[in-house]
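Chain naming here is simple, since letters A, B, ... match the order of the sequence lines and numbering starts at 1 in each. All values reported here derive from a predicted model rather than from experimental measurement.
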Number of protein chains: 2
Amino acid sequence: MVSHRTVGRLSLYRRLLNGLAGQGTRNVYSHQLAAMAGATPAQVRRDLMAVGYMGSSTHGYDVSELTKSIGNFLDDQTGQAAALFGIGNLGRAILSYFTGRRPNLSIVAAFDVDENKIGRVIHGCRCYSVEELETVARENDIRLGILAVPAAAAQNVAENMVRAGFRGILNFAPAPLKVPAGVYVEDIDMTMSLEKVAYFARQGARLQAAEIVEQENSRVLETAKGDQQ
Amino acid sequence: MVSHRTVGRLSLYRRLLNGLAGQGTRNVYSHQLAAMAGATPAQVRRDLMAVGYMGSSTHGYDVSELTKSIGNFLDDQTGQAAALFGIGNLGRAILSYFTGRRPNLSIVAAFDVDENKIGRVIHGCRCYSVEELETVARENDIRLGILAVPAAAAQNVAENMVRAGFRGILNFAPAPLKVPAGVYVEDIDMTMSLEKVAYFARQGARLQAAEIVEQENSRVLETAKGDQQ
DNA sequence: ATCACGGCGTGAATAAATTCACAAGGAATT
DNA sequence: AATTCCTTGTGAATTTATTCACGCCGTGAT
Ligand SMILES: NC(=O)c1ccc[n+]([C@@H]2O[C@H](COP(=O)([O-])OP(=O)(O)OC[C@H]3O[C@@H](n4cnc5c(N)ncnc54)[C@H](O)[C@@H]3O)[C@@H](O)[C@H]2O)c1
Ligand SMILES: NC(=O)c1ccc[n+]([C@@H]2O[C@H](COP(=O)([O-])OP(=O)(O)OC[C@H]3O[C@@H](n4cnc5c(N)ncnc54)[C@H](O)[C@@H]3O)[C@@H](O)[C@H]2O)c1
């Protein structure tokens, strides 16, 4: 029902709202959120329609109420547990990053094939052998996986995840995962992202003049009526 | 001119083509590439229009020729050098990943504020103090940056990059970067991605039945004429 | 030869995402 | 109490992305 992109932006808005709450701000307007998120005010308002929280035309949105509403929309009430697969260079970085970040979306187990890692506790997270997957997943009700194993092993590990009842995979391996319908896969492809940066950096240099003109136009229009970006 | 999404997919197609070449495949059809990339054949063909290489209707695309064409389109002939900022948990993983991967898009310098890291060589990459940025960037003609410093430092570091003439930034810090027009920023936001997975995993469970039906329909149609996905 | 098949490139159609633009309303000001 | 200002929510319009669908062309079978 609600789009892919909207869900992503809602997550971003929530983080921005947390930042605002941290510095004591109590309410916020769509144009402020938009400026922080790099979106337009209209887009922010439209995205917020999905969560069903309504702002006031005089004070905008109440920061803590809106945060709560986005939480209701995005989060599972029971909290969702995730498992990490592959405790290599990237896996360890991810563990350190997600440890103690969002209370109700945390990595509760890690899996690897390396004997040296199995049984250890890294960043507060116990490390298991992949053989134990079904058991550990069932016991902890884990349905989300983060895949950080070598590309050659990725498909195989993904299939084990599916067999263990996983419903979502965040995939860092540069390999196209084939999973049955109903399992959601989100890829993070760093090579692709870096190549995009390289391409558009080049292009941007070429188009810079034009963009600056365009930007100045919108700056001018901003003072006129309506929501300009 | 050519869209954001198309550039990303071209990068993906290239990786898939490299895989095919590695296993000795000499030519490939749009529907095969589409299946591997999770796209439709029509989309593949349309994306390839951007690079200007034409396939044959009988043998599809020549793997090595197409790879070369995509390279001409995506890559800078002079090769683009990138610098890494922040050699922490994530930075080190990134260094290990990109080292010796793409020949003409590599990380040639790393910057940090930590005295213990400055002067060392990590994964074949020399580590400098951020004070040396302007000099090192000029000497090595670096215009791309990978930002992996703590969120609180990100904006500041980004401004230094811009001052040093950088045109593109791959940003891992969960902080909204404000840069002048003409500088391209691509964000990789792992928290957002994981929250998307959590959301759609839940949703997918709910919609699974419907999706399966839909998938079976398209399987059936696949044998009929036209390009179905 | 002729024909049928399967795939390519691409204009046209469709779908999806974003933006415009305006009614409605609350507070401050006159 | 009327006016002004600035905001929200949302239909409608627009822009962007994807998919359809068909003309064309080599190839291999008849
Ligand atoms: N390092 C990065 O920054 C980076 C960036 C982008 C993508 N990636 C991708 O992420 C993945 C991991 O990268 P890395 O640098 O951490 O690699 P790594 O070699 O450091 O770590 C891989 C880990 O996976 C484990 N492993 C191997 N097979 C396994 C299996 N079948 N089941 C469970 N665990 C298994 C290994 O024991 C090892 O601990 C790779 O696919 C890589 O391409 C890494
Ligand atoms: N670890 C992860 O997997 C992960 C995932 C997503 C996002 N991130 C983000 O990436 C960034 C880095 O994460 P990390 O886990 O590597 O953190 P980290 O603390 O391990 O490393 C940060 C590094 O940046 C250096 N640094 C600090 N200020 C600097 C400055 N002004 N200039 C240059 N270097 C500076 C520090 O010395 C340190 O080496 C953070 O913004 C984090 O939120 C990390």
OP1 or OP2 of [N] versus the side-chain N and O atoms of [X]: is any pair under 4.0 Å?
X: Y61(A); N: dG9(D); result: yes
X: S57(A); N: dC6(D); result: no
X: S30(B); N: dC8(C); result: yes
X: H59(A); N: dG26(C); result: no
X: R45(A); N: dT8(D); result: yes
X: R9(B); N: dT18(D); result: yes
X: T40(B); N: dT18(D); result: no

Atom [atom1] of [X] and atom [atom2] of [N]: how far apart are they, to the nearest Å?
X: Q43(B); N: dC8(C); atom1: CD; atom2: C1'; value: 16 Å
X: Q32(A); N: dT7(D); atom1: CD; atom2: P; value: 8 Å
X: N27(B); N: dC8(C); atom1: CG; atom2: P; value: 10 Å
X: R5(A); N: dT19(C); atom1: CZ; atom2: C1'; value: 14 Å
X: M49(B); N: dT19(D); atom1: CE; atom2: P; value: 16 Å
X: H4(B); N: dT18(D); atom1: NE2; atom2: P; value: 11 Å
X: M54(B); N: dG7(C); atom1: CE; atom2: P; value: 19 Å
X: L10(B); N: dA17(D); atom1: CG; atom2: P; value: 14 Å

State yes or no: are the ring centers of F73(B) and Y199(A) separated by less than 6.0 Å?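 Aromatic pair counts; centres sit under 6.0 Å.
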5' priority, DNA chain D, between R46(B) and G60(A) [closest heavy atom]: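 Counting from the 5' end, the first nearest nucleotide belongs to G60(A).
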Specify the residue among S56(A) and S3(B) whose closest nucleotide of DNA chain D lies further upstream toward the 5′ end.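 So the residue in question is S56(A).
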Pair D47(B) + R45(B), salt bridge at N-O below 4.0 Å: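 Between R45(B) and D47(B) there is no salt bridge, as every charged N stays at least 4.0 Å from the carboxylate O atoms.
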Distance-only polar pair, side chains of S106(A) and N104(A), donor-acceptor under 3.5 Å: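 Judged by distance alone, the side chains do not pair up.
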Could you tell me whether the side chains of N171(B) and D187(B) share a donor-acceptor contact shorter than 3.5 Å?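 Side chains of N171(B) and D187(B): pair found under 3.5 Å.
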Start at the 5' end of DNA chain C and walk down; is the nucleotide closest to D47(A) or to Y29(B) reached first?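 Looking at DNA chain C, the more 5' nearest nucleotide goes with Y29(B).
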Donor-acceptor contact present, side-chain D75(B) to main-chain Q77(B), <3.5 Å: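 No, because the side chain of D75(B) does not come within donor-acceptor range (under 3.5 Å) of the backbone of Q77(B).
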